[in-house]
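This report concerns only the one structure given below.
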Amino acid sequence: FLKPFAISTGSLAFFSINAIYNIASSTDSDFENTVAYESDLTSTSHSVSGLSGGTQYFWQVCATNVAGPNDYSEIWDFTTDVSLPVTLSL
């Protein structure tokens, strides 16, 4: 249901239709150190600010449509460039 379609420098996105989304990003794959959580999003891209340079981040997304909420997606990761901080678009 949710698949990443573009993973490139500074841009992460996913594909789905007719849904609202929750996105979580963290510095660990267990999401115990969540750095951002956004809910009720309608776009399939999102910007996260305040990321540290040279840091590995993990993110996942959950969609809800007329059938109800889905499970969270698989966990994706990216590492920011050492020259950060900047805003990353998810």
Side-chain angles (χ1 to χ4, degrees):
F1 182 69
L2 295 169
K3 296 287 182 190
F5 69 81
I7 300 178
S8 61
T9 40
S11 180
L12 300 176
F14 53 93
F15 174 77
S16 186
I17 54 173
N18 298 324
I20 59 170
Y21 309 99
N22 298 335
I23 297 175
S25 55
S26 177
T27 55
D28 64 275
S29 61
D30 294 327
F31 289 83
E32 293 180 10
N33 297 304
T34 301
V35 295
Y37 179 82
E38 300 291 336
S39 60
D40 299 326
L41 303 171
T42 56
S43 175
T44 57
S45 64
H46 184 69
S47 295
V48 177
S49 61
L51 302 178
S52 299
T55 304
Q56 182 178 23
Y57 290 94
F58 300 87
W59 68 289
Q60 59 184 356
V61 61
C62 175
T64 300
N65 61 19
V66 295
N70 245 354
D71 292 334
Y72 268 91
S73 67
E74 64 184 279
I75 297 169
W76 300 304
D77 71 295
F78 60 93
T79 300
T80 54
D81 188 67
V82 175
S83 64
L84 287 178
V86 298
T87 298
L88 177 72
S89 294
L90 297 176

side-chain contact (heavy atoms from CB on, under 4.5 Å) partners of [X], counting only residues at least two apart:
{"X": "Ser29", "result": "Phe58"}
{"X": "Ile20", "result": "Asp40, Thr42, Thr64"}
{"X": "Asp28", "result": "Ser26, Asp30, Glu32, Asn33"}

Check: How close do Tyr57 and Ser52 get, heavy atom to heavy atom, and via which atoms?
Finding: OH-N, 2.7 Å

Next item on the list: Could you tell me which non-hydrogen atom of Gln60 sits nearest to which non-hydrogen atom of Glu74, and how far apart they are?
Entry: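 Result for this residue pair: CB-O, 3.8 Å.
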
Next item on the list: Hey, can you tell me if Trp59 and Trp76 have their rings parallel, tilted or perpendicular (30° and 60° cut-offs)?
Entry: tilted

Item checked: Those residues that, when tested against Glu38, pass side-chain hydrogen bond (donor to acceptor under 3.5 Å, both in side chains) (two or more places apart) ->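 Applying side-chain hydrogen bond (donor to acceptor under 3.5 Å, both in side chains) to Glu38 gives none.
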
Check: Under a 4.5 Å side-chain heavy-atom rule over Ile, Leu, Val, Met, Phe, Trp and Tyr, are Phe78 and Val35 clustered together?
Finding: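 Phe78 clusters together with Val35.
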
Check: Can Leu41 be reached from Val48 by stepping across I, L, V, M, F, W or Y side chains whose heavy atoms are under 4.5 Å apart?
Finding: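 Linked, Val48 and Leu41 end up in one cluster.
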
Notebook entry, point to check: Hey, what do you get for OH (Tyr37) to OG (Ser25), rounding to the nearest 0.5 Å?
Noted result: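 Answer rounded to 0.5 Å: 11.5 Å.
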
Item checked: Straight-line distance of Thr79 OG1 to Leu51 CG, nearest 0.5 Å ->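 That separation rounds to 11.5 Å.
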
Notebook entry, point to check: For Thr55, does its backbone N or O pair with a side-chain atom of Thr80 as donor and acceptor, under 3.5 Å?
Noted result: yes

